[in-house]
Amino acid sequence: MAAEIVNPRSESDAGRPGPSEPFDPAFALHRGGKMAVTATVPVRDRDDLSLAYTPGVAKVCSAIAEQPELVHEYTWKSQVVAVVTDGSAVLGLGDIGPEASLPVMEGKAILFKQFGGVDAVPLALDCRGVDEIVETVARLAPSFGGVNLEDISAPRCFEIERKLQERVDIPVFHDDQHGTAVVTLAALRNAARLTGRTLGELRAVISGAGAAGVAIARILVEAGIGDVAVCDRKGVVSADREDLTEVKRELAGFTNKAGKSGTLESALDGADVFIGVSGGTVREEAVATMAKNALIFAMANPNPEIHPDVAHKYAAVVATGRSDFPNQINNVLAFPGIFAGALQVRASRITEGMKLAAAEALAAVVADELSADCVIPSPFDERVAPAVTAAVAAAARADGVARR
């Protein structure tokens, strides 16, 4: 309603893209944007105004100038996250630029608020260089308690996250990497438990060596997976390949203990787990070669690498990235609680221990309700955010990055 008041329809809208006949609910919902700033204190009269702004505000400013840590108590800094993108890798849309990415960033911001109680501000940057983005966000950092990097293409996303975290003393978290990894690990823990196995007994194959694939491989190794091989367009990422980027060379160094080489399909032979974050297609003949009671997480949207109808022929548990199938691997299960926990204790960064704790807490939410169609909670399960928040805050204290 507020957006429609600010940005009402007019006759000049005729012929423009938007909610024309037939009625399009997506355009109707987005008209004027999906979010607004609201005050947490009233400004009803002269007295309120003098406290909320000048002269009353000067007392608070002076106090913060003398004791900078008071900024956390007397501003919203410790409750707000910057959602930062350059629009280079947006959902399934690819490189669409900063302006076109704003509806997604607004959506991310309202998910932070709805599912974690965290305020968030979308920032779509008109720059692409690694150092440009790092410098821009670092200069904005005093206004925020954390930075969520979103929809920035690989391999730049890895370097941007690393360099930015070195520059600032607030958490920097690339959700396309770590949010996906946390939820995947949580679901895989439960799927293994449901089928009477531990992570250490599983051999996994990941299709996709981009942001999500690399982060999933890393967290699975940290969690004690038996073995994991990652595949890109040219096949298994192995140490004997001469065409690897720096990121993939590092990846080859801590994965693929079995020394697999060749194609994705050859790596699947006898594998216990398939994890798809690539958008490719895996032939049914290859799926049929997987081990008994396979676990198939085909998470590409909108078309899973292995359609659930095919996957169910060979797998004990099937998960996708879609909401119209059971076991949706959805990042909204992770990032709101992870940031809520980090902000709660004013963490300086998000550690591997905090991500592992988030995955364990998320898995535990449905640990007593496990079935083939329930290895991960629904995004609307009200137990999720409190569980993840508490686990992340405790892990931050254990890892020595909490500041309260």
Side-chain angles (χ1 to χ4, degrees), residues 7 17 30 32-37 71 75-77 79-113 118-181 208-215 232 245-248 250-251 277 279 331 335-336 338-339 342-343 347-350:
N7 191 16
H30 282 79
K34 299 193 291 287
M35 57 186 293
V37 174
V71 71
T75 75
W76 77 336
K77 178 180 172 73
Q79 304 165 52
V80 65
V81 170
V83 179
V84 178
T85 190
D86 64 357
S88 61
V90 180
L91 292 175
L93 302 173
D95 186 350
I96 60 175
E99 289 88 351
S101 74
L102 268 175
V104 178
M105 301 309 118
E106 287 183 2
K108 192 80 171 191
I110 65 175
L111 295 181
F112 264 110
K113 188 67 172 179
V118 173
D119 290 302
V121 177
L123 297 175
L125 306 183
D126 187 15
C127 55
R128 289 296 175 88
V130 168
D131 291 336
E132 279 185 295
I133 292 174
V134 170
E135 185 66 25
T136 300
V137 180
R139 289 180 181 273
L140 290 167
S143 296
F144 299 97
V147 176
N148 182 95
L149 299 175
E150 190 77 16
D151 292 347
I152 298 174
S153 62
R156 295 177 309 126
C157 60
F158 302 112
E159 189 176 6
I160 290 168
E161 183 183 45
R162 177 180 59 81
K163 285 188 170 183
L164 183 57
Q165 187 64 84
E166 291 171 355
R167 284 282 304 274
V168 301
D169 66 347
I170 57 176
V172 178
F173 184 85
H174 185 207
D175 183 51
D176 302 306
Q177 294 183 60
H178 310 301
T180 307
V214 171
D232 61 11
T245 63
E246 181 179 347
V247 170
K248 290 181 182 179
E250 181 186 359
L251 180 64
V277 284
N331 290 18
F335 68 81
I338 289 174
F339 268 101
L343 294 175
S348 58
R349 60 191 177 93
I350 293 173

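All heavy atoms count here, side chains included; hydrogens, waters and symmetry mates do not. Just so it is clear, the structure is predicted and the values come from calculations on it, not from any experiment.
With sequence neighbours excluded, the residues that form a side-chain hydrogen bond (donor to acceptor under 3.5 Å, both in side chains) with D232 are R241, K248. Partners of E250 under the side-chain hydrogen bond (donor to acceptor under 3.5 Å, both in side chains) rule, at least two apart in sequence or in another chain, are R218. With sequence neighbours excluded, no residue forms a ring pair (Phe, Tyr, Trp, His ring centres under 6.0 Å) with H174. In this structure S101 satisfies the side-chain hydrogen bond (donor to acceptor under 3.5 Å, both in side chains) test with no other residue, sequence neighbours excluded. Residues passing the salt bridge (charged side-chain N to carboxylate O under 4.0 Å, His left out) test with E135 are R139, R167, sequence neighbours excluded. L343 meets the side-chain contact (heavy atoms from CB on, under 4.5 Å) test with V81, V118; sequence neighbours excluded. Shown here are the side-chain contact (heavy atoms from CB on, under 4.5 Å) partners of A100, two or more places apart in sequence or in another chain: I96. The side-chain contact (heavy atoms from CB on, under 4.5 Å) test applied to V104 returns V90, L91, D151, not counting sequence neighbours. Residues satisfying the ring pair (Phe, Tyr, Trp, His ring centres under 6.0 Å) test with F335, not counting sequence neighbours, are F112.
Between D131 and K163, at least one side-chain nitrogen of the basic residue sits less than 4.0 Å from a carboxylate oxygen of the acidic one, meeting the salt-bridge criterion.
With rounding to the nearest 0.5 Å, the separation of CD in E161 from CD1 in I152 is 9.5 Å.
The shortest side-chain heavy-atom distance between S88 and R156 falls under the 4.5 Å cut-off. By the 4.5 Å heavy-atom criterion applied to side chains, V168 and V147 are not counted as neighbours. A heavy-atom distance below 4.5 Å is found between the side chains of F173 and I338.
Sorted by first and then second residue, the salt bridge (charged side-chain N to carboxylate O under 4.0 Å, His left out) pairs with a member in residues 171-180 read K108-D175; sequence neighbours excluded. Sorted by first then second residue, the ring pair (Phe, Tyr, Trp, His ring centres under 6.0 Å) pairs that include residues 130-152, not counting sequence neighbours, number zero.
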Throw together a table of side-chain donor-acceptor distances under 3.5 angstrom for residues 120-128, partners on residues two or more places apart or in other chains.
{"residue": "R128", "atom": "NE", "partner": "D86", "partner atom": "O", "Å": "3.4"}
{"residue": "R128", "atom": "NH1", "partner": "D95", "partner atom": "OD2", "Å": "3.0"}
{"residue": "R128", "atom": "NH2", "partner": "D86", "partner atom": "O", "Å": "3.4"}
{"residue": "R128", "atom": "NH2", "partner": "D95", "partner atom": "OD1", "Å": "2.7"}

Subject >> D169 vs S348, side chain to side chain donor-acceptor pair (under 3.5 Å): CA-CA, chis, key distance, verdict >> reply: CA-CA 5 Å; D169 66 347; S348 58; over 6 Å; no
